[in-house]
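Okay, structure first, notes after.
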Amino acid sequence: MEAVVIDAGTKLLKAGFAVPDQPPSMIIPTQMKQVPEDESVTDASFLENVTVDPVVRGFIRDWDAMEDLLSHVLYTGLGWEIGNEGQILFTDPLATPKAVREQLVQLMFERFNISGFYASEQAVLSLYAVGRISGCTVDIGHGKMDIASVIEGAVQHISSRRFEIGGLDLTNLFAKELGKSNPHVNLTTSDVEKLKEVYACCAEDDAAYGKVQKACPEEHHTLPDGQVIKIGKERYTVGEALFQPSILGQEAHGIVEQLVRCISTVSTENHRQLLENTVVCGGTASMTGNL
C-alpha cells in the first residue's frame, strides 16, 4: 500500500496516496463543527455555530480535534483498516516548533499505529513538485506566509522568514473595506471569501495602484440573498496589502523586499540559482496579478 501524504493547512486539509501525477484524494476544510458526544443531548442548537480550528496560522493547536480529523481522513476518507495502517508523509510548515513535531509523531504512532512516519518541509516539496532541488519558495497560505531558500534539498533556515500574514487577514481587510463602501449590506465571512476569490487582484506596480485609488471602475455584485453591493478600488487594496503590510497595520517589509532579503542572506554564488527558481505557491498566490 502506498504511503499517505497529508498537508494540513489553516483552511484546507489535503490528503491522498503517494501516486505520481495524481491530485489529492481529499480536499476538505480543516475547520470542524462541534457536535454532541452522545444522544442524551437532545437540543444541539447551541452547538450548531460552534466551530473548532485544529490548525491556527499553520501550526496544530487543538490536538483532540486534529486526532478526530485525521481519524476521519485515514479510516473513512482513504479507506485504511484498523490493524492494517500504512506509512505517512506529513508536510511541515517553516519554523515548526520541535514540541509540535514531537507531539505529532507521538500521536501518529500511538493513536494510529502507523508503520512509518516522515515529515518533509513544505518549501522542499514545493520545489520537488516543479522538478527542482534548489530555489526559493514564497508560500502564501490562509494563515501565514513563508519565504524560504532551499539549496540542494535543504532549507536555509538562517535566511528563511515566516510571517503571520495570509488569506485570512486579506479576507478581514476586504470585509472592512467593503463595509465602508456598502454600509447597509450585511456580509458574512463566507460571502467575503467568495468575493475575494472572484474580485481581489494586484496592481501591476505602485504607479498603477495609485491610479486605481484615484479612479477605479465599480462593479456590482448580487449576493445569494438578493443584496447588491458595489466593488471598486477595494479589490486592489487586498492585493496591495501583500506588498505594503502597513495596510494591515503591520510594521513589516512587503513580499518583494522580504524575498530579496531572504536570497541576499545566502552566499552570492547561489543568488542566481535561487532567483531563477523562485516558486510562488499557496492558495492566496493565485490572486490575479500576484507577482
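- Panel note: side chain Arg57, backbone Gly143; a donor-acceptor pair is recorded below 3.5 Å.
- Inter-residue side-chain proximity for Ser25 and Leu78 is flagged as met; some heavy-atom pair is nearer than 4.5 Å.
- With hydrogens and angles disregarded, no donor-acceptor distance shorter than 3.5 Å links the side chain of Arg272 to the backbone of Asn270.
- Under a 3.5 Å cut-off, the side chain of Asp62 and the backbone N or O of Ala65 do form a donor-acceptor pair.
- Within the 4.5 Å cutoff, no side-chain heavy atoms of Leu248 are placed close to those of Asn172.
- For the side-chain contact (heavy atoms from CB on, under 4.5 Å) with Lys144, the qualifying choice from Ile165, Asp139, Asp169 is Asp139, the only one to do so.
- Atom OG1 of Thr10 sits about 8.0 Å away from atom CG of Leu168, to the nearest 0.5 Å.
- Side chain of Ser149 to main chain of Cys136: no donor-acceptor pair is present (N/O by atom type, distance under 3.5 Å, no hydrogens or angles).
- Proximity of Leu74 to Ile6: side-chain heavy atoms (C-beta onward) are separated by under 4.5 Å at one or more points.
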Which pairs of donor and acceptor atoms, one on a side chain in residues 105-112, lie under 3.5 Å apart (sequence neighbours left out)?
residue, atom, partner, partner atom, Å
Gln106, NE2, Glu110, OE1, 3.4
Arg111, NE, Glu67, OE2, 2.8

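- For the pair Arg132 (side chain) and Ala129 (backbone), a donor-acceptor distance under 3.5 Å is absent.
- Closest of all the heavy-atom pairs between Val228 and Thr222 is CG2-OG1, 3.8 Å.
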Donor-acceptor contacts, no H, no angles, side chain residues 249-263, under 3.5 Å, sequence neighbours left out:
residue, atom, partner, partner atom, Å
His253, NE2, Arg261, NH2, 2.8
Glu257, OE1, Gly254, N, 3.4

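- Looking only at distances, no side-chain donor or acceptor of Thr171 sits under 3.5 Å from a matching main-chain atom of Glu193.
- No side-chain donor-acceptor contact under 3.5 Å links Gln22 to the backbone of Phe17.
- When side chains are defined from C-beta on, Trp80 counts as touching Ile114, because their heavy atoms get closer than 4.5 Å.
- In this structure, Asp205 does not pair ionically with Lys211, as no charged nitrogen and carboxylate oxygen lie closer than 4.0 Å.
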### Task
Starting from the C-alpha separation in whole Å, work towards a yes-or-no answer on salt bridge (Lys or Arg N to Asp or Glu O under 4.0 Å) for Lys180 and Glu177.
CA-CA 5 Å; Lys180 293 178 182 178; Glu177 294 299 315; 3.5 Å; yes

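- Nearest heavy atom pair, residue Ala8 against residue Thr91, reads N-OG1, 4.3 Å.
- Hydrophobic cluster of Ile133: the remaining members, joined at side-chain heavy-atom separations below 4.5 Å, are Leu94, Val124, Leu125, Leu127, Tyr128, Val130, Val150, Val155, Val279, listed by chain and number.
- Looking at Glu234, its side chain does come within 3.5 Å of a backbone N or O of Gly232 through a donor-acceptor pair.
- Between Ser286 and Gly283, the closest heavy-atom pair is OG-O, 2.6 Å.
- Between Asp92 and Arg101 there is a salt bridge, since at least one side-chain N of the basic residue sits less than 4.0 Å from a carboxylate O of the acidic one.
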